[in-house]
J.: 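Before anything else, here's the structure in question.
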Amino acid sequence: MKLNLSKKPIHTVAADLLIILTQGENPLLSEELSHLRPLLKKYMKKKAFAGKRGETTLMQIEELNVSSILLAGCGTKKLEPFTVERAISSAIRFGISEGCRSFILLDHIPSYDWDPSLYHTLSGRAAIWGSYTFTAGKSTCSTIKGLKTTFTGDRSHRALINRAQIQGDALLKTANLANLPGNLATPKTIATYAKELADSCSLSCKIMGENQLRKNGFGGVLAVSAGSETEPQLIQLEHNIKNRSQRPLVLVGKTVTFDSGGISLKPGKNMDWMRYDKSGGMAVLAAMHMISEWELNIPVIGILGAAENMPGGAATRPGDIIHMYNGKTVEVLNTDAEGRLILADAISYAAAQYNPRAIVDVATLTGAVIVALGHAASAILGNDQSLVEALLTAGHKSGERLWQLPLFDEYAEDMQSQFADLSNLSKSGSAGTATAAAFLNEFVPKQTAWAHLDIAGTAWEMSSTSHQAAGATLFGARLLTQWVETCANNDNALA
Ligand code: BES
Ligand code: MN
Ligand code: ZN
């Protein structure tokens with residue numbers, strides 16, 4: 001999907017489809033289109049179109065240089081980035097399914113005075129995302145060519161549209177990796193992807209394989225991969241690291257290419273979806289791609305802890321005691337609580353290696369977050385409230401919703417072990433998301449600002465929705481990029 005800018009008046013721009021957002025039954029029409037209001041209202045009434053979130057309807061029109069208008073509902077509440085992003089993706093998805101190939105988007109949301117920077121990034125990226133379906137698994141796959149979305153408006157928006165194009169393209173490219181199953185996306189495949197990405201944009205890439213991980217004492221990562229035939233990889237992508245005037249931001253992603261549970265084997269039902277247990281790493285990869293192509297002037301490191309969790313003969317057993325990167329010992333009471341072992345090593349390594357301004361990790365860490373929040377938001381927990389708030393704001397602006405959970409001392413006590421420094425399983429069995437975060441917190445130096453995003457409920461869609469095809473959502477990529485951009489504009493603040 002190519003994004004364009006046209007300075008011509010909207011009624012002269014040729015396209016298959018003009019997309020109009022509606023707030024409930026109220027079409028959001030710019031001044032030059034306001035004469036269409038009675039016509040649209042009449043049509044909406046006839047079609048019983050209520051403008052609910054995700055609702056779309058097509059209407060033929062003769063007045064403009066387009067063949068149809070597509071009305072895209074945003075619900076009746078005040079518009080938010082979240083609803084607008086989804087409405088635009090829904091509109092494009094529906095339009096494509098109806099055979100349309102070229103689209104027009106307004107250059108602002110009428111009666112809302114959003115910052116053009118916010119609106120263009122969001123809507124352009126959403127248009128590109130709405131055009132995506134994962135097809136690489138089919139032996140004959142037809143990708144639709146020649147898709148085009150035109151924004152009408154002035155030249156000053158050119159750069160914003162370029163940014164949206166960069167973001168959308170990076171998301172699609174990463175999605176093609178994120179949607180690959182465990183046999184096709186191994187830790188090594190992902191490392192190769194990262195190296196090629198680094199070569200194509202100005203990132204530098206360092207990889208540690210099994211030998212180096214052993215030499216450096218990454219006991220958590222190695223314990224997870226012990227039962228697998230595939231080699232674990234610690235992948236580091238560095239952006240602008242030569243900029244020594246600032247301490248870097250570090251993004252850490254859980255990248256478990258398949259989580260069978262290990263010896264604490266998961267039930268068979270839905271186990272196939274554990275190919276998406278690499279989603280945290282995929283979000284970090286996409287974010288690093290966007291950050292480097294947008295040339296944000298701030299040092300940022302992306303770290304992917306990539307391993308496969310399998311129950312082979314050499315697998316870690318329940319009860320095993322392992323030595324972590326930072327010297328602490330952990331009793332592995334459940335081999336299915338593997339993500340925290342990888343993240344703990346990656347976080348303590350990042351803190352020791354980079355003296356970071358902040359560390360943010362992203363992970364499909366606990367089923368419990370789905371009990372708490374369903375699929376409507378990801379959980380955020382952290383040791384620094386201003387960092388948490390900066391991420392909540394970034395989440396709001398980028399249409400990726402976060403909700404904060406607490407890190408009470410009780411949760412850390414719940415992770416104590418009888419025989420080692422810590423257990424990877426809580427004694428109480430309750431507060432699964434918070435106890436997992438409390439475990440990670442034990443690996444964060446007190447002076448380092450840290451936040452953890454649990455994306456287990458938001459990382460993929462099991463079947464297609466109005467706004468996206470089944471598969472990876474890349475949740476986290478948009479908000480991390482937004483956060484890094486805000487930090488780049490605020491020296492030394494966590495933004
Ligand atoms: N990858 C899973 C978490 C998960 C579950 C993600 C469902 C997405 C959907 C994680 O490694 C895991 O297995 N967590 C366990 C932890 C438990 C053993 C303490 C869980 O949530 O059941
Ligand atoms: Mn697991
Ligand atoms: Zn897992």
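Just so you know, ligand 1 is whichever comes first in the structure, and atom 1 is the first atom listed for that ligand. Throughout, residue positions are numbered sequentially from 1 according to the sequence presented. Since the structure is predicted, the reported quantities are computational estimates derived from the model, not experimental observations.
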J.: Is Lys278 in contact with ligand 1, taking contact as a heavy-atom separation below 4.0 Å?
T.: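 Heavy atoms of Lys278 never come under 4.0 Å of ligand 1.
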J.: Please could you name the atoms of ligand 1 that Ala456 approaches to less than 4.0 Å, counting only its heavy atoms?
T.: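 Near Ala456, meaning under 4.0 Å from one of its heavy atoms, ligand 1 has 6 (C), 8 (C).
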J.: In the protein, what heavy atom is nearest to atom 2 (C) of ligand 1, and what distance, to one decimal place, separates them?
T.: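 Answer, as residue, atom name and distance: Asp259 OD2, 3.5 Å.
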J.: Any side-chain to backbone donor/acceptor pair from Lys188 onto Gln233? Under 3.5 Å, distance only.
T.: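 Here the side-chain-to-backbone pair does not exist.
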J.: Starting from atom 19 (C) of ligand 1, find the nearest protein heavy-atom neighbour and note its residue, name and distance.
T.: Leu425 CD1, 3.5 Å
J.: Where is the nearest protein heavy atom to atom 18 (C) of ligand 1: which residue, which atom, and how far?
T.: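 Among all protein heavy atoms, the one nearest atom 18 (C) of ligand 1 is Asn334 ND2, 3.6 Å.
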J.: Just going by heavy-atom distances, which of Gly367, Gly339, Gly262 is nearest to atom 20 (C) of ligand 1?
T.: Gly367
J.: Please state which protein non-hydrogen atom is closest to atom 14 (N) of ligand 1 and give its distance, to 0.1 Å?
T.: Leu365 O, 3.4 Å
J.: Which atoms of the protein, restricted to N, O or S, are nearer than 2.8 Å to the Mn ion (ligand 2)?
T.: Asp259 OD2, Asp336 O, Asp336 OD1, Glu338 OE1
J.: Suppose you place the vertex at the Zn ion (ligand 3); what is the angle out to Glu338 OE2 and Asp277 OD2, to 10°?
T.: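 Taking the Zn ion (ligand 3) as the apex, I get 100° for this pair.
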J.: Looking only at protein heavy atoms, which one is nearest to atom 9 (C) of ligand 1, and what is the separation?
T.: Met274 CE, 3.5 Å
J.: Determine whether the side chain, the backbone, both or neither of Phe258 has a heavy atom under 4.0 Å from any heavy atom of ligand 1.
T.: neither
J.: Select the closest option to atom 13 (O) of ligand 1 among Ile455, Thr335, Asp336, Thr458, judged by heavy-atom distance.
T.: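 Looking at heavy atoms only, the winner is Asp336.
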J.: Between Val256 and ligand 1, which part of the residue brings a heavy atom under 4.0 Å of the ligand: side chain, backbone, both or neither?
T.: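 Neither part.
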J.: So is Phe439 in contact with ligand 1, going by heavy-atom distances below 4.0 Å?
T.: no
J.: So, for Leu440 and Ala344, which heavy atoms are closest and what is the spacing to 0.1 Å?
T.: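 In this case the closest contact between Leu440 and Ala344 is CD2-N, 4.0 Å.
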J.: Does Lys278 count as lying over the ring of Tyr276, i.e. NZ or CZ under 6.0 Å from the six-ring centre, within 45 degrees of the axis?
T.: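 Relative to the ring axis of Tyr276, which defines the angle, Lys278 lies inside both limits.
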J.: Whether Glu338 and Lys254 form a salt bridge (side-chain N of Lys/Arg under 4.0 Å from carboxylate O of Asp/Glu) is what I want to check.
T.: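 Yes, this pair counts.
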J.: Would you say Thr335 and Arg317 make side-chain contact, with heavy atoms under 4.5 Å?
T.: no
J.: Can you confirm whether Trp273 sits close enough to Thr364 that some side-chain heavy atom of one is under 4.5 Å from a side-chain heavy atom of the other?
T.: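 They are not in side-chain contact.
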J.: Considering only non-hydrogen protein atoms, determine which one is nearest to atom 1 (N) of ligand 1 and report residue, atom name and distance to 0.1 Å.
T.: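 Nearest protein contact, heavy atoms only, for atom 1 (N) of ligand 1 is Asp277 OD1, 2.8 Å.
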J.: Output every pair passing salt bridge (Lys or Arg N to Asp or Glu O under 4.0 Å) with a member in residues 381-410, not counting sequence neighbours, ordered by first then second residue.
T.: Glu400-Arg478
J.: Would the number of heavy atoms belonging to other residues, nucleotides or ligands and lying under 6.0 Å from NZ of Lys427 be above 12?
T.: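 Check passes, neighbour count above 12.
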